[in-house]
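Worth saying up front: this structure is predicted, and the values here are computed from it rather than measured. As the structure lists them, so they are numbered: ligands from 1, and atoms in each ligand from 1. Only heavy atoms go into these numbers, but all of them, side chains included; no hydrogens, no water, no symmetry mates.
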Amino acid sequence: ARHLLGIEPLSPSDITSILDLADSYVALNRRTIKRADALAGMTQINMFFENSTRTQASFELAGMRLGADVMNMSMAQSSLKKGETLIDTALTLNAMRPDLLVVRHPQSGAVNLLAEKVNCAVLNAGDGRHEHPTQALLDALTIRRAKGRLHRLTVAICGDIAHSRVARSNLLLLGKMESRLRLIGPATLMPAGAAELGCEVYEDMREGLQGADVVMMLRLQRERMDGGFIPSEREYYHRWGLNADKLACAAPDAIVMHPGPMNRGVEIDGTIADDINRSVIQDQVEMGVAVRMAAMDLLARNLRAERGLAAAGGQ
Ligand code: CP
């Protein structure tokens, strides 16, 4: 494929190939000298129209470690503020001949639209409520390394599922890899048709966590909420916040995940988040760099093949 816009079009073997390559990049990233040349001579532009800490930093590091020339567009200072459209901005950057565009946008579908207009590879770094494919891939790599497999694991995703592109991409990926999926949260934050996705749906957290191997917590995404009942943070924490008492319902060796940014004392107790025996939150961040290296490496190979170039270093 030319682009990585979502998990939806990927097959289980595509997912396994990305994770296998990412595993090799985890090893590289643990060395003192973190250098490979898969993107040598290529230009990567990061365009983030929404705030990011983890995704932007890890895409930037991933590109640099693979030898790309990496530019972070400062979208707040761009001519979008003067009325230029997303498409005109993309066409302008496309004329500068980048090879990889990494795009985050608040509107679902905006990244797919942009991908139709440019000649380079586009990676979706999160679009509205739609998809966040590299997050799901890094989550899968984290789970696979902790549990040794993805199939026949019970994965409980808890919190604001309705507004979450992370949940959507994870449901698609984990479903393809034959994990057993449970969704836990207030009915008002559950997407329509959740049960049809093959998930078990629970409002009671203790019930939903029974025997779970993986507990994935999500924050309340207030920036995407348009009215509707939202419980107070205090009430939310009481019913759906993860603490030691509720975690005791999961399997004794269950891992705790959170994509970040995390709101301690709202969806998760800080002591659980920091418990290195249960929490893999920092592993997720580490896997993020490796997965983004793997994704860009594979897209760069496809670009070279499309352009009829030899493996690395073609004109
Ligand atoms: N998980 C995630 O997408 O985090 P950022 O918003 O910090 O990139």
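Between Arg182 and Glu203 there is no salt bridge, since none of the side-chain N atoms of the basic residue sits less than 4.0 Å from a carboxylate O of the acidic one.
Closest to atom 7 (O) of ligand 1, if we only count protein heavy atoms, is Thr53 N, 2.8 Å. Among all protein heavy atoms, the one lying closest to atom 6 (O) of ligand 1 is Arg104 NH1, 2.9 Å. For atom 4 (O) of ligand 1, the nearest non-hydrogen atom of the protein is Arg54 NE, 3.1 Å.
The cationic atom of Arg104 (NZ for Lys, CZ for Arg) does not lie both less than 6.0 Å from the six-membered ring centre of Phe48 and within 45° of the ring axis.
Within the listing of ligand 1, atoms 2 (C), 3 (O), 4 (O), 5 (P), 8 (O) sit less than 4.0 angstrom from a heavy atom of Thr55.
Checked by distance only, ligand 1 and Gly260 come closer than 3.5 Å through their nitrogen or oxygen atoms. Taking any N or O of His132, backbone or side chain, at least one lies under 3.5 Å from an N or O belonging to ligand 1.
In this structure, Leu113 shares a hydrophobic cluster with Ile87, Leu91, the cluster being traced through Ile, Leu, Val, Met, Phe, Trp and Tyr side chains under 4.5 angstrom apart. With side-chain heavy atoms closer than 4.5 Å counting as contact, directly or through intermediates, Val285 stands alone and belongs to no larger hydrophobic cluster.
Considering NZ of Lys246 and CZ of Arg239, their distance stands at 9.5 Å, rounded to 0.5 Å. Rounding to the nearest 0.5 angstrom, the gap separating the OG atom in Ser279 from the CE atom in Met217 is 12.0 Å.
Ligand 1 lies out of reach of Gly126, whose nearest heavy atom is not under 4.0 Å from it.
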